[in-house]
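Just below is one structure, and these are the notes that go with it.
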Amino acid sequence: MDDRYRIRDLAPGDVDAAQALLQLAAEKQTKATREATRMLLEMTAAGDSPVNKRGFTLVAEDTSTGRIVGAATVGPTGLWSHPVLGCLPKVGRAQWLERIGELYEVAVHPDHRRRGIGYGLIEAVAAHQIAANWRLLLWYFHADSPDAAFHPQDAMWPVGQEFRLTEPSGRVAMPVREMNGDLRLCISLLHPATKVLLDPASGQKAVAGIFSGSPWEVRNGAAVVVPKIPQSRRPKRKKAKRR
């Protein structure tokens with residue numbers, strides 16, 4: 001990224017410019033979504049909201065003019081994840097919310113594209129202090145969006161392939177979201193325990209290392225905790241009588 005640009009946290013005076021950029025990048029947004037984005041930006045910029053504990057907004061500033069030319073909003077996974085969370089055991093839901101962050105939108109002004117700003121924003125998101133405890137950063141975009149070109153190719157999930165996460169043992173890959181149409185997914189691994197597994201037979205990928213603890217049993221996509229039997233309660237084998 002050019003030295004003339006710097007990336008920093010959103011300030012109250014940046015809200016209008018950041019919203020305009022994000023709206024430009026997300027042309028398919030409904031009015032309700034735009035209003036929710038505005039509210040999120042205002043709360044983030046205030047700095048004293050509960051939102052700041054789980055999410056943040058970064059902007060890219062052209063230091064030669066003081067103009068905001070890029071923006072990225074980040075937080076807990078969105079509404080798409082709620083059905084999945086409902087299938088997880090309580091411990092799994094807590095770990096998901098603590099360890100997975102979502103990049104909601106990233107946008108760069110058309111006059112300042114192809115200068116590394118978009119990639120710089122994504123890198124800064126992953127390095128942010130709020131993301132320090134995350135194990136995975138993910139983000140979705142549409143292939144025909146204006147800013148589709150700057151998403152890193154090495155972060156791309158296979159086009160059209162269902163997104164999956166493994167349960168704690170790593171044996172079973174749970175379906176998380178179907179990737180239909182022009183919907184695309186990128187992921188960034190933020191923790192040494194997190195890795196991408198590949199099933200050589202099917203070519204299906206899955207992210208492992210998000211969840212930890214006791215193994216789960218997965219039934220039709222719903223994860224159920226498999227309780228471990230304490231040593232003292234395990235049935236004792238009867239010794240065979242010697243003849």
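None of the values given here were measured: they were computed from a predicted structure. Numbering starts at 1 and runs along the sequence shown.
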Q.
Among residues at least two apart in sequence or on other chains, which ones pass salt bridge (charged side-chain N to carboxylate O under 4.0 Å, His left out) with Arg6?
A. Glu61
Q | SB check Asp14 Arg8 (cutoff 4.0 Å) | A | yes
**Q.** 4.5 Å side-chain heavy-atom contact, Val108 and Arg115
**A.** no
Q. What distance do Ser64 atom OG and Arg4 atom CZ have between them, rounded to the nearest 0.5 Å?
A. 4.0 Å
Q | Pair Trp134, Glu102: side-chain N/O donor-acceptor within cut-off below 3.5 Å | A | no
**Q.** Parallel, tilted or perpendicular: rings of Tyr5 and His112 (30°, 60°)
**A.** perpendicular
Q. Is the Tyr119-His151 ring centre distance short of 6.0 angstrom?
A. no
Q: Please check if any side-chain donor atom of Ser169 sits under 3.5 Å from a side-chain acceptor atom of Glu167, or the reverse.
A: yes
(Q) Quick check: is Leu97 connected to Trp80 through a chain of hydrophobic side chains (ILVMFWY, heavy atoms under 4.5 Å apart)? (A) yes
Q | Criterion side chain to side chain contact (heavy atoms under 4.5 Å, CB included) on Arg177 and Tyr140, from CA distance to verdict | A | CA-CA 11 Å; Arg177 189 175 188 182; Tyr140 296 95; 3.3 Å; yes
Q: Taking all heavy atoms of Val125 and all of Leu137, pick out the closest pair and write down the distance.
A: CG1-CD2, 3.7 Å
(Q) Is the shortest side-chain heavy-atom distance between Leu21 and Glu105 below 4.5 Å? (A) no
Q: Please test Leu22 against Leu41 for side chain to side chain contact (heavy atoms under 4.5 Å, CB included), starting from the C-alpha separation and ending with a verdict.
A: CA-CA 11 Å; Leu22 295 170; Leu41 292 174; 4.1 Å; yes
Q) Is the side chain of Thr57 donor-acceptor paired with the backbone N or O of Thr73 at a distance under 3.5 Å, no angle test? A) no
Q. Does the side chain of Met174 reach to within under 4.5 Å of the side chain of Arg164, using non-hydrogen atoms?
A. no
(Q) If I take atom CE from residue Met39 and atom CD from residue Gln19, how far apart are they, to the nearest 0.5 angstrom? (A) 11.5 Å
Q.
Do Val172 and Val196 sit in one hydrophobic cluster, given that two such residues count as connected whenever their side-chain heavy atoms are within less than 4.5 Å of each other, even indirectly?
A. yes
Q: Would you name the heavy atoms of Asp182 and His142 that are closest together and state the gap between them?
A: OD1-ND1, 2.9 Å
Side-chain donor-acceptor pairs of residues 202-211 under 3.5 Å, sequence neighbours excluded:
{"residue": "Ser202", "atom": "OG", "partner": "Asp199", "partner atom": "OD2", "Å": "3.3"}
{"residue": "Ser202", "atom": "OG", "partner": "Gln204", "partner atom": "N", "Å": "3.2"}
{"residue": "Gln204", "atom": "NE2", "partner": "Gln161", "partner atom": "OE1", "Å": "3.3"}
{"residue": "Gln204", "atom": "NE2", "partner": "Glu162", "partner atom": "O", "Å": "2.9"}

Q) What's the shortest heavy-atom distance between Ile117 and Ala60, and which atoms? A) CG2-CB, 3.6 Å
**Q.** Considering all heavy atoms, the nearest Leu136-Leu190 contact
**A.** C-CD1, 4.2 Å
Q.
Would you compute the distance between atom CD1 of Ile100 and atom CG of Leu85 and round it to the nearest 0.5 angstrom?
A. 8.0 Å
Q) Do you know which two heavy atoms are closest between Leu10 and Ala45, and how far apart they sit? A) CD2-CB, 3.7 Å
Q | Distance-minimising heavy-atom pair for Pro215 and Pro168 | A | CA-CB, 4.5 Å
Q: To the nearest 0.5 Å, tell me how far Glu178 CD sits from Leu183 CG.
A: 11.0 Å
Q: Apply side chain to side chain contact (heavy atoms under 4.5 Å, CB included) to the pair Trp216 and Leu88, showing each step before the final yes or no.
A: CA-CA 9 Å; Trp216 304 341; Leu88 298 181; 3.9 Å; yes
Q) How many angstroms lie between OG1 in Thr166 and CZ in Arg171, if you round to the nearest 0.5 Å? A) 10.5 Å
Q: Under the side-chain hydrogen bond (donor to acceptor under 3.5 Å, both in side chains) rule, what do Ser212 and Arg135 come out as? Steps first, then yes or no, please.
A: CA-CA 12 Å; Ser212 56; Arg135 295 193 175 192; 4.8 Å; no
Q | Inter- and intrachain pairs under ring pair (Phe, Tyr, Trp, His ring centres under 6.0 Å), touching residues 157-203, at least two apart | A | Trp157-Phe163
Q | Test log, rule side chain to side chain contact (heavy atoms under 4.5 Å, CB included), inputs Val84 and Leu165 | A | CA-CA 11 Å; Val84 185; Leu165 298 176; over 6 Å; no
Q: Mind checking the CZ-CE spacing from Arg38 to Met43? Nearest 0.5 Å is all I need.
A: 13.5 Å
Q) For residues His109 and Asp62, is any side-chain donor paired with an opposing acceptor at under 3.5 Å? A) no
Q: With the side chain counted from C-beta on, respond yes when Ile122 and Pro152 share a heavy-atom pair under 4.5 Å apart, and no when they do not.
A: yes
